[in-house]
Colleague: 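First, the structure itself, so that you have it in front of you.
Ligands are counted one by one from 1 in listed order, and the atoms in each one are counted from 1 as well. Side-chain atoms are counted along with the backbone in the values below, which use heavy atoms only and exclude waters and symmetry mates. On a predicted model such as this, the values are computed, not experimentally measured, just so you know.
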Amino acid sequence: MSTKATSDPTIFIIFGGTGDLNARKLAPALYNLFLDGWMPKKFSIIGTGRTKMSDEEFRTKLLEDINQFSRSGKAEKEKWDEFIKNVYYQVSDAKDAETYKEFGKRIDAHNAEWKAKANVIYYLAVAPEFFPIITTNIAKAKLAEDKKRVRIVIEKPFGHDLESAQELNKLISSLYDDCQIYLIDHYLGKETVQNIMAFRFANSILEPIWNRNFIEHVQISVTEQLGVQDRGPYYEGSGALRDMIQNHLLQLLCFVAMEAPNSFNAEELRNRKVDVLKAMRKFTPEDVRTSAVRGQYGPGWIQGEEVPGYRQETKVDPNSNTETFAAIKFFVDNWRWHGVPFYVRTGKRMHQSASTITIQFKDVPHLVFPAEATDSWQQNRLIISIQPEMSIRLQVQAKRPGIDMVLNTVDMVFDYKGTYTNEAPEAYETLLLDTMAGDQTLFMRGDQVEAAWDLIMPILKTWEGKKSLSFPNYSADSWGPEVAEALIARDGFHWFTLPVNGNKKAKH
Ligand code: BG6
């Protein structure tokens, strides 16, 4: 969450340099930061991986990646040439000490050339089994001694369960200072997610009503049309609970439920978020049965295209018990939120790709209008739309123009597109810039990750211990399994969906 770029010379060493994350997200983000003038004057990006490749081959690959994935479209020759001369490739074996000596030499050479000590950012865009070996070898090679200048960025998944996350935390904290560790949850870099904080803590009208006295329930929904594509092997060991809820959705919940921080300081903000996770009600086995449901997609059609079911995806067990959908009812047991349910759901191959947070307020205490005036009556809702639409809408009742007194629901909308002309940066741009600036506000902290694992462990254990007999239980292009509807319907509510692309009214 930087307010300005750093001018310190910076070296990025990207493990997994030839991988998908670098191609789709990191390289385009760095290039866009460069285009927008956020990169320091002196910088170097060293991609590294097992594949043998020359600098030239790596540069050609990145150009293709950027042309395909950059939000700014195809690279322009002049700018590209200026950028790419700072990019190098080093073939490496993460287990071999020589690899790290080589990095040391490159860093020294840059420092000598720039006549300055550069910040060095090691980015681990690799499979999690490499986290321990790489972090250990960087430290062993004494490449992380300068606590002020050396940072290590670790992608999710951070651990596979509570125990493995604790182990990893223990190892990394024994090698690095907290100020050097940047655990990524890319949702925290999303413009609209950061705006939840601005919205809540920069507007005085919200705080008095942001609690159990006025809010009836909260929904956090992240649905995707995509299936698992070619990520079968990863997803088989993960599932929706680990892949989305343990991290992204619980982080969104923290932003909604956290207390106001005393200042906009990384530790302060992260403390307030971890307070929420610690206040969340732990599940008993009975709670798992009544408050958590899972689903797996079967085959179907999406936008005129026939798509396979999860069990038919590449490298997926034809009898897989992995959930591709999860819906859970959480409670935050503190004064502010006592008794307010937080319904959270996520799924792949759903009818719509949309991430929204809906706050439903309590009903009016007494209805003064006649029944015929209130046919389409709806309690007030605040809908924070994170993607693809970026908006905040407050739904209120208003009188429809005409001689009759007829009420209906209208939206008061703040829409990014209509309000701002500048394009929002991608989450990774924000997060990479923050890493360069040494700002950890939008990064996870080890204790947060552990608290989130701790919370979902009873659900994970129950689901892993008991094969679902109903899978697949929802078809592609649907809103998920019926059990998810039942979960919320039992409390008298239903899942809200916002029509894509600017339709003014929410369906309900
Ligand atoms: C990733 C998950 O962390 O987030 C993916 O591993 C998921 O399975 C993705 O598709 C969703 O991110 P976004 O930014 O597209 O909402």
Colleague: Go through the structure and list residues passing salt bridge (Lys or Arg N to Asp or Glu O under 4.0 Å) with Arg311, not counting sequence neighbours.
Modeller: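 For Arg311, no residue satisfies salt bridge (Lys or Arg N to Asp or Glu O under 4.0 Å) once neighbours in sequence are set aside.
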
Colleague: side-chain contact (heavy atoms from CB on, under 4.5 Å) between Tyr343 and Phe493: does it pass, once the steps are laid out?
Modeller: CA-CA 10 Å; Tyr343 301 95; Phe493 311 129; 3.5 Å; yes

Colleague: List, for ligand 1, each N/O atom that has a protein N/O partner under 3.5 Å away, with both atom names and the distance.
Modeller:
| residue | atom | partner | partner atom | Å |
| --- | --- | --- | --- | --- |
| ligand 1 | 3 (O) | Lys156 | NZ | 2.7 |
| ligand 1 | 3 (O) | His248 | NE2 | 2.7 |
| ligand 1 | 4 (O) | His248 | NE2 | 3.4 |
| ligand 1 | 6 (O) | Lys156 | NZ | 3.0 |
| ligand 1 | 6 (O) | Arg231 | NH2 | 2.8 |
| ligand 1 | 6 (O) | Asp243 | OD1 | 2.6 |
| ligand 1 | 6 (O) | Asp243 | OD2 | 3.4 |
| ligand 1 | 8 (O) | Arg231 | NH1 | 2.8 |
| ligand 1 | 8 (O) | Asp243 | OD2 | 2.6 |
| ligand 1 | 8 (O) | Lys348 | NZ | 2.8 |
| ligand 1 | 10 (O) | Glu224 | OE1 | 3.3 |
| ligand 1 | 10 (O) | Glu224 | OE2 | 2.5 |
| ligand 1 | 10 (O) | Lys348 | NZ | 3.1 |
| ligand 1 | 12 (O) | His186 | NE2 | 3.2 |
| ligand 1 | 14 (O) | His186 | NE2 | 2.8 |
| ligand 1 | 14 (O) | Lys190 | NZ | 2.6 |
| ligand 1 | 16 (O) | Tyr187 | OH | 2.5 |
| ligand 1 | 16 (O) | Gln387 | NE2 | 2.7 |

Colleague: With sequence neighbours excluded, tell me which residues meet side chain to side chain contact (heavy atoms under 4.5 Å, CB included) with Glu482.
Modeller: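 Not a single residue meets the side chain to side chain contact (heavy atoms under 4.5 Å, CB included) criterion with Glu482.
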
Colleague: Check the orientation of Tyr428 and His186. Use parallel for under 30°, tilted for 30 to 60°, and perpendicular for over 60°.
Modeller: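 Because their plane-to-plane angle is under 30°, the rings of Tyr428 and His186 count as parallel.
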
Colleague: Just verifying a value: how many Å separate Asn32 CG and Met39 CE, rounded to the nearest 0.5 Å?
Modeller: 11.0 Å

Colleague: Which residue pairs satisfy the salt bridge (charged side-chain N to carboxylate O under 4.0 Å, His left out) criterion with at least one member in residues 14-23, sequence neighbours excluded?
Modeller: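 Listed once each, the pairs are Asp20-Arg24.
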
